[in-house]
Amino acid sequence: MARPGPSRRRWGCGEEGSYRKIFISSDVCDKITDGVLMLFSRLLIPTLKENPAEAEAVSHRLLLRAGMIRKLASGIYNYLPLGLRVLRKVERIVREEMDRAGAQEVLLPAVQPAELWQESSRWQVYGKELLRFKDRHGRDCCFGPTHEEVITDLVRKEVHSYRQLPLNLYQIQVKFRDEIRPRFGLIRGREFIMKDAYSFDADEAGAEACYRRMYDAYNRIFSRCGLSFKVVEADSGPIGGSFSHEFMVLADTGEDLLASCTSCDYAANLEKAEVAPAPGSPGPPVGDAPELAPTPNVRTVGEVAAFLKVTPADIVKTLIYETDEGPVAVLIRGDHDVNEVKVKNLLGVTDLILAGLIRVQELTGAEVGFAGPVKLKLPIYADQAVARMTAMVTGANRDNYHLKQVNPGRDVKITAVADLRSVTEQDPCPRCGGVLTILRGIEVGHIFKLGLKYSKALKATYLDQEGKEQYLYMGCYGIGVSRIVAAAIEQGHDANGIIFPMALAPFQVGLIPIALNDPAVRECVESLHADLEAAGVEVLLDDRDERPGVKFKDCDLLGLPFRVVVGAKALDKGQAEVKERGSNETKFIPLKELWDYLGKLIQEGARGNIIS
RNA sequence: CGGGACGUGGCUCAGCCUGGUAGAGCACAGCGUUCGGGACGCUGGGGUCGGAGGUUCAAAUCCUCUCGUCCCGACCA
């Protein structure tokens with residue numbers, strides 16, 4: 001019989017004849033050792049009927065139920081054979097696209113010496129997330145949460161000339177971040193698998209070109225993974241310059257909020273999303289001076305609004321923050337939310353913490369709930385919406401009193417006005433004035449320009465054409481490889497289990513024989529299995545001595561895109577039943593056409609796997 | 001780190017309030033019957049009730065401490 005397509009021996013199989021007689025147990029072990037057959041009964045796939053108590057998020061639950069992962073400790077997981085297969089699929093796509101974009105794969109150590117981190121001064125800065133320990137000689141070490149230091153060290157030692165540039169190195173590595181709160185299984189583990197790439201360029205223009213190449217590569221990667229995602233502008237922190245994008249998989253369980261315009265292509269992480277300044281200019285001050293109003297035990301915006309019969313938009317919250325440069329006050333309109341990332345960036349500080357009850361009393365002279373900007377002896381930063389208000393209501397810095405008719409320019413000494421709040425769906429798009437929606441997403445990729453931060457700290461330089469020493473321009477590009485596995489499940493599932501995109505499914509076809517003891521069924525399944533494997537289709541043959549219902553349930557749970565059932569009835573007509581996991585469509589296909597039928601569908605579904 | 005919940009065979013949980021025999025379902029092993037959507041019968045193995053201390057004649061149950069896990073908020077792929 002002619003084999004369709006190239007005979008791919010993906011699992012290093014032996015003779016074609018060895019596909020046969022798969023149910024003869026004495027042979028089976030040999031074949032398994034050879035890696036020829038993927039028999040359900042031989043693989044470690046400990047599926048669970050019930051939801052594990054420890055799992056809440058869909059992907060976490062289903063990964064456990066499908067026997068893909070098991071927890072070893074908080075935020076630390078074993079990958080079982082099926083889970084690993086999915087992970088490998090992601091890795092393969094990532095490798096292919098990184099290579100295609102001109103990056104080179106390396107493998108850097110997981111354990112790193114403290115010296116490098118001290119050199120970049122992140123040993124002090126990184127905090128408790130960095131897992132530190134000592135080796136037997138008492139030398140400080142850490143388990144790498146990221147590899148800027150290591151890669152920069154490598155490159156400063158090996159790269160000295162502009163002739164060696166540009167350079168883009170990546171790795172797929174286990175990382176460890178001692179997260180405050182690991183959660184949602186693979187979405188936020190402490191140990192996780194990440195692809196991280198670092199680019200080195202002679203100048204800024206080169207760095208930006210590289211950034212764009214990575215941007216394109218990332219789009220290809222996530223498309224190929226079959227994910228529905230959105231690229232958003234991201235906060236790059238104090239060092240990042242103007243370029244930073246995050247790749248978000250849209251999912252209700254996402255931990256990130258993003259604002260997206262329904263008319264243009266503006267999209268940004270909520271931390272970053274700009275608020276368009278309102279048009280027009282503020283009206284003249286109202287009244288002659290602020291007016292004291294008793295507000296006994298009335299503290300929150302809601303309470304004050306109700307008590308004084310005004311709207312939250314008439315009120316201004318005065319938030320007292322502690323920073324590494326001392327305390328500050330931030331003014332936000334009552335119906336708005338402060339955006340601490342924006343505040344941090346404006347102030348150029350790394351620590352920003354709401355002051356405690358006692359500190360607030362020290363600094364304002366009143367309990368929390370009565371702080372106000374009038375005569376407050378702190379630097380005062382006002383959101384642009386506040387600066388436009390007239391006759392606002394604020395705390396009086398006196399217990400049980402508020403002030404009415406406060407006018408920013410007249411009564412409050414404002415240090416600076418800026419965009420300090422988060423956008424809402426009521427705000428217009430800052431680019432086109434269109435309508436914004438707020439969505440949830442899982443961050444699966446982040447690219448940003450590092451500039452000279454690390455090359456300066458670690459003195460990574462090269463000689464340019466004039467023989468002048470120059471710092472290397474760096475970029476950094478991460479992908480949460482293990483997180484993608486979870487994200488794909490968050491996006492693809494139903495009540496029966498996982499619905500994997502073709503490109504990530506551990507197998508493309510689940511082959512289920514009904515009534516194994518029927519020789520005709522057995523014969524048919526054997527040859528189908530052989531034909532499909534030979535056609536390059538990955539098949540999981542459920543050879544277990546289980547009732548059909550059990551096999552159907554497991555097949556659905558595992559999320560294999562196609563289920564092929566061979567039963568006596570259809571077989572009499574020379575047919576097999578093919579069910580598509582995603583659509584639940586069932587068709588009876590003549591056996592002879594099966595590989596052709598499936599092959600086409602799989603190719604279509606896995607456009608991702610084909611490099612165009 | 002703050003707030004909440006929970007730790008009882010491999011899994012899901014009951015028992016705890018009101019102290020006295022450790023239970024169910026699933027899973028597992030054997031036998032038999034079944035066999036197109038998580039079958040059934042019989043038999044069997046498996047738990048120092050997270051750990052330590054205390055109260056008590058007696059602790060899964062009450063008290064204290066401790067460890068671990070999960071959920072909600074501040075970090076990040």
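Lettering of chains follows the sequences in order, A, B, ..., and the numbering in each one begins at 1.
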*Which base, if any, makes a Watson-Crick or G-U wobble pair with B:C75, both distances under 3.5 Å?*
none
*Give one of base, sugar-phosphate or nothing for A:Ala53, where a contact means two heavy atoms less than 4.0 Å apart.*
sugar-phosphate
*asked:* Pick the closest RNA chain B nucleotide for A:Lys128 and for A:Gly75 by heavy atoms, then say which residue is nearer the 5' end.
replied: A:Lys128
*asked:* By nearest atom, which of the nucleotides B:C35, B:C72, B:G38 is closest to the A:Lys49 side chain?
replied: B:G38
*asked:* Could you tell me the Watson-Crick or G-U partner of B:G47, where both distances fall under 3.5 Å? Say none if there is no partner.
replied: none
*Assess whether atom CG of A:Asp572 is packed by more than 12 heavy atoms of other residues, nucleotides or ligands within 6.0 Å.*
yes
*What is the distance, rounded to the nearest whole Å, between atom CZ of A:Arg65 and atom P of B:C11?*
16 Å
*Flag yes if more than 12 heavy atoms outside A:Leu44 fall under 6.0 Å of its CG atom; otherwise flag no.*
yes
_Checking base pairs now: Watson-Crick or wobble, both atom distances under 3.5 Å. What partners B:C42?_
B:G30
*asked:* Judged by each residue's nearest nucleotide on RNA chain B, which is more toward the 5′ side, A:Thr47 or A:Pro182?
replied: A:Thr47
*In the strands shown, is B:G68 matched to any nucleotide by a Watson-Crick or G-U wobble pair with both distances under 3.5 Å, and which?*
B:C6
_What's A:Gly567 touching, base or sugar-phosphate or nothing? Going by heavy atoms closer than 4.0 Å._
base
*Scan side-chain atoms only and decide if A:Thr323 and A:Glu325 contain a donor-acceptor pair under the 3.5 Å cut-off.*
no
*State the pairing partner of B:G20; accept Watson-Crick or G-U wobble contacts with both distances under 3.5 Å, and report none otherwise.*
B:C57
_Carboxylate-amine/guanidinium proximity below 4.0 Å for A:Arg544 and A:Asp554_ = yes
_Whole-angstrom distance between B:G54 and B:C13, as gauged at atom C1'_ = 30 Å
*For the pair made of CZ in A:Arg61 and P in B:C71, what is the distance, rounded to whole Å?*
12 Å
